[in-house]
Amino acid sequence: MKKNLKNSFTLIGVSIVIILLAACSNNSTNENQDETENDNSEDVQTIHMAKLESDPNGMMEEARQRFNEEHDEIQVEFVEMSNDASQMHDQTVTQLSAGSENLDIVNMDVVWTAEFAEAGWIEPLDEYFTEDMQSEFIERQVDAMTYDGQIWAVPWFNDLHPLWYREDLLEKHNLEIPETYEEAVEVAKTMQEEENIEGFSMHWGRAEQLIVSFTEFLHANNGNFFDEEGNVVINSPEAIEALQFMVDMIYEDEVVSPSAIGNSTPEDSRIPFTQGQVMFHPNWGYVYSVNQADDSPVKDKTWVASNFAFEGGKKANAVGGWNFAISKNASDKDTAWEVIKWFTTFENQKEMLLGGGQVGTRVALYEDEEVIEANPYLEEYLDVFEHASVRPSHPQYSKVSDIAQSYIHQALTQDLSAEEALHQLATELEELE
Amino acid sequence: MKYRFLPYILLLPVFTMIVVIVFIPLITTIIYSFQSYQLTNPDAQATFIGLENYTNLLQDGRFISSLITSLIYILGSVIGMLILGLLTAQIANQAFKGRSLFRASILLPWAVAPVVAAQSWKFMFETDFGVINYVLEGIGLIERNIPWLVSSDHAMLSVIITNVWKTTPLLTLIIVSGLQTVSKELYESSDIDGAGPLKKYYYITLPLIRPFIAMGLIFTTLQTINVIDIIYVMTGGGPGESTEIFTLYNYKVFFQYLDFGLGGAMAVIGVVMVGILIFFYTRSMNKQYN
C-alpha cells in the first residue's frame with residue numbers, strides 16, 4: 001500500500017515536471033526575414049538596421065528593397081524588434097551591452113537618448129548630422145536627440161500627443177475650442193450634462209503613458225522634473241498644483257472617470273473616444289486614422305488641436321517617435337550613416353507617409369501640398385509643434401519613470417495627497433546618482 | 001559490474017542540462033549580488049562591494065512592502081485555491097454522467113495563456129463597463145460600481161481571484177490523482193462502523209491525500225510568486241504599489257533599471273524565502289510517512 005502510494009506519487013511528480021517543461025518551452029519560430037540578398041561578393045557591406053515589427057502597408061520593407069537596388073556595395077538587413085517600447089528597449093540593450101555586431105543602426109525611442117549616450121552604446125553624430133542638416137528637421141525632435149551638447153540620433157518617425165476632440169459637438173453648442181484647462185473642464189461639464197458623454201478620456205494607468213500625460217500637465221503649469229542645472233524641482237508649487245488639478249478632474253469635477261487610473265495603454269483610453277462617448281481625448285497621432293475608418297462612429301466628427309494650458313502657463317504636447325542612431329560596435333560607421341541619410345531624406349519620408357501613414361520628421365513635409373491633401377490634420381501639427389514638450393532626460397530614465405509612475409498613481413488613487421506624493425518623489429529622485 | 005557506470009552515463013544529459021540552466025545562472029546571480037553592476041553606468045561594471053546591495057535592500061521601504069504584498073498575495077491565493085481545489089477535485093472524483101467533460105473543462109483555465117487570462121479578467125473587472133460590476137448591480141448586491149483594479153482596497157482581491165481561477169486546475173489535477181489512490185475498502189469498513197460522510201472525509205480522505213495537497217501547493221505557490229504575468233497585465237503593480245509583489249519589483253530592477261547588482265541581491269533573497277516556504281510544505285508532506 002505504502003509502496004504503491006509512493007510509486008504513484010513519483011509518477012505524478014515526474015509527469016508534472018514534463019508537463020511544466022512542455023508548457024514553458026515555446027516554439028519561437030519568429031526568425032528574421034528571409035535573407036534573399038546575395039552578399040557573397042566580398043565588397044558588399046551588410047548593414048543591420050533595427051526595425052519595429054509593425055510596418056504599415058509594408059512600406060519599410062519596400063524602402064529597404066529600393067535602397068538595396070540603388071546600392072550595389074551596401075545591403076540593408078532588418079533586425080525585427082518588438083512594437084512594445086519597453087520590450088524593444090530590453091532587446092536593444094541586450095544587443096548593445098553584449099557588444100553585438102549584428103546591430104549597426106539602432107532605433108531609439110525619444111526618451112532613451114541620455115541613457116544610451118551615457119552608457120557609451122552609441123556614437124555621437126556631430127560630424128555627420130551637421131547643424132545645417134538639423135535645421136531641416138522638426139526642432140523639438142532634434143532637441144530630444146541632443147544630450148551633453150552632442151547630437152546622438154536622426155529623428156525618423158515623428159509622433160505627437162495632441163488633443164483630439166469632438167468638433168461636431170462644439171459647433172452644435174456654438175463653442176470654440178477652449179484655451180485653458182479651467183475652461184475645458186467647464187465645457188466638459190456642459191457636455192456631460194447635455195450630451196450625456198464623458199468629459200475626458202485619459203490613459204492614467206501605472207505605465208509610461210502616465211508620465212506622458214503628467215508631463216503635459218506639469219509643463220502646462222510651468223513646472224518641471226529637473227531645472228536647468230539638473231536639480232530636482234518636481235515638488236515645486238506649480239507641479240503640486242498641476243497634479244492636484246488631475247486629481248480634482250476625477251473626484252471634484254468628475255470629468256474623468258476613475259477607470260482612467262486603470263488605462264495603461266493609449267488604446268484603453270482611445271476606444272471610448274472612437275465609440276463617440278468622449279468629448280476631449282489627449283492621445284498620439286494614430287487616433288486620426290482610426291477615427292476616419294469607414295466603420296467609425298465618429299468619422300469626420302473629430303479634429304485635433306494643441307493641448308490646453310493653465311492660466312498663466314503654456315500649452316504642452318508630448319513628443320514621441322523613433323530615431324536612428326549608430327551603435328558603437330557598428331562595423332562601418334560611414335556606411336551606416338549613408339543608410340540613415342537615405343532613409344531620412346525628404347523623398348523617402350514622403351513616400352512612407354503617403355503609402356503607410358507614418359509621419360516623418362522633416363519640416364518640409366508639413367508644407368507639401370500632396371501630403372496635406374492626403375492627411376489634412378497634419379496642417380494643425382505645425383501649430384502643435386510650437387508647444388512640444390519633452391519628457392525629462394536622465395541617464396536612468398527607466399528608473400525615474402517607474403518611481404514617478406508610482407507616486408503620481410498613489411496621488412490619483414488618493415492614497416497620498418498631491419503634495420505628499422511629489423515631496424516623496426522628489427526625495428527619491430534626489431537620491432539617484 | 002558491467003553496469004557500474006551506466007547510471008551515471010544515463011544521468012549525464014539531464015545533469016548537464018540542470019547545471020547549464022539552473023546552477024550556472026544561480027551562481028552568476030549570487031556573484032552579481034555582491035557587485036556594483038549597472039549596465040547603464042559605465043563606472044559600475046562588476047566591482048566588488050561586499051554586502052552593500054543587501055544592506056541597501058533592507059533599508060528600501062519599497063522592497064520590504066513588496067515582500068509583505070507577496071505574502072498577502074500568496075496567502076490569499078493559497079486559501080482560495082485550497083478551498084476551490086478540494087471542492088472541484090471531490091466532484092471530479094464522483095462517478096456521474098459527463099464526468100470526463102467536467103474534468104476536461106476544469107482544466108481549461110490552466111490551458112489559457114496567463115496574459116490572455118489576465119487581459120480577459122481585466123476587461124471583466126473594468127469599473128464602468130465590466131461584466132462583474134454589471135452582474136453584481138443586476139442582482140442588487142451593489143449600488144455603486146466598485147473600482148476593482150483602480151483602488152488600492154480592491155486591486156489585490158481582483159488579482160487574487162484571477163490567480164485562483166487560473167492556477168487552481170493544477171492543484172485539482174493533483175488532488176484528483178490523490179483521491180484515486182484512496183482504497184475503497186477503507187470507506188466500506190468505515191460504513192460498517194457507522195461514520196458519516198464528513199467524518200469519512202476528515203479521518204480517511206484528508207490524511208491520505210495530504211502529501212498530494214502539499215505537493216500541489218508547492219507547484220501552485222511557485223507559480224503564484226514566480227509568474228508575474230497576471231499582475232503585470234492587470235495592474236502593473238498599481239495602484240501605486242499596492243499589488244507590486246517582490247518578483248515584479250525584481251523584474252523591474254533587473255530589466256528596466258538594468259541594475260544587476262541590486263537585482264541579483266533581490267533574487268537571492270527571493271530564492272531563500274521560497275526555499276523556506278517549500279521546506280515547510282515538504283515537512284508537512286513527510287509527516288504522513290513518519
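Lettering follows sequence order; numbering is per chain, from 1.
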Heavy-atom side-chain proximity of A:Lys399 to B:Val253 below 4.5 angstrom: no
Residue-level interface, residues 203-212 of chain A with chain B, non-hydrogen cut-off under 4.5 Å: A:Arg206
Based on non-hydrogen pairs under 4.5 Å, which of A:Gln414, A:Gln410, A:Glu115 is most in contact with chain B? A:Gln410
To check you understand the geometry: which heavy-atom pair defines the closest contact between A:Ser264 and B:Lys122, and what is its length? OG-NZ, 3.2 Å
Top of A:Ile261, A:Leu96, A:Val400, A:Leu416 for chain B proximity - count of heavy-atom pairs under 4.5 angstrom: A:Ile261
Neighbours of chain A found in residues 244-252 of chain B - heavy atoms under 4.5 Å: B:Glu244, B:Tyr251, B:Lys252
If you take all heavy atoms of A:His409 and B:Gly240, which pair is closest and at what distance? ND1-N, 3.0 Å
Closest approach of B:Leu39 and A:Trp121, non-hydrogen atoms and distance? O-CZ2, 3.6 Å
Engaged part of B:Thr235 at the chain A interface, taking heavy atoms whose separation is under 4.5 Å: backbone
Nearest heavy-atom approach of B:Leu258 to A:Val93 is CD1-CG1, 3.5 Å
Quick check on A:Ser97 against chain B: is it the side chain, the backbone, both or neither that has a heavy atom closer than 4.5 Å? side chain
Would you mind checking which part of B:Glu241 comes under 4.5 Å of any heavy atom in chain A, side chain (CB onward), backbone (N, CA, C, O), both or neither? both
Chain A contact via B:Pro147 - which portion, at a heavy-atom distance below 4.5 Å: neither
Between A:Ser398, A:Ala421, A:Gly120, A:Pro272, who has the most heavy-atom pairs with chain B when the cutoff is under 4.5 Å? A:Ser398
Min side-chain heavy-atom separation A:Ile403-B:Tyr257 under 4.5 Å: yes
Atom of A:Ser257, atom of B:Asp128 and distance for their closest heavy-atom approach: OG-OD2, 2.6 Å
Look at atom OH of B:Tyr134 and say whether more than 12 heavy atoms of other residues, nucleotides or ligands are closer to it than 6.0 Å. no
Over all heavy atoms of both residues, which pair between B:Val150 and A:Gly262 is shortest? Give the atoms and the distance, please. CG1-N, 3.1 Å
Let's test your reading of the structure: which of A:Asp402, A:Ile408, A:Thr413, A:Leu412 forms the most heavy-atom pairs below 4.5 Å with chain B? A:Asp402
Looking at A:Tyr251, I'd like to know if its OH atom is crowded, meaning that more than 12 non-hydrogen atoms belonging to other residues, nucleotides or ligands lie closer than 6.0 Å. yes
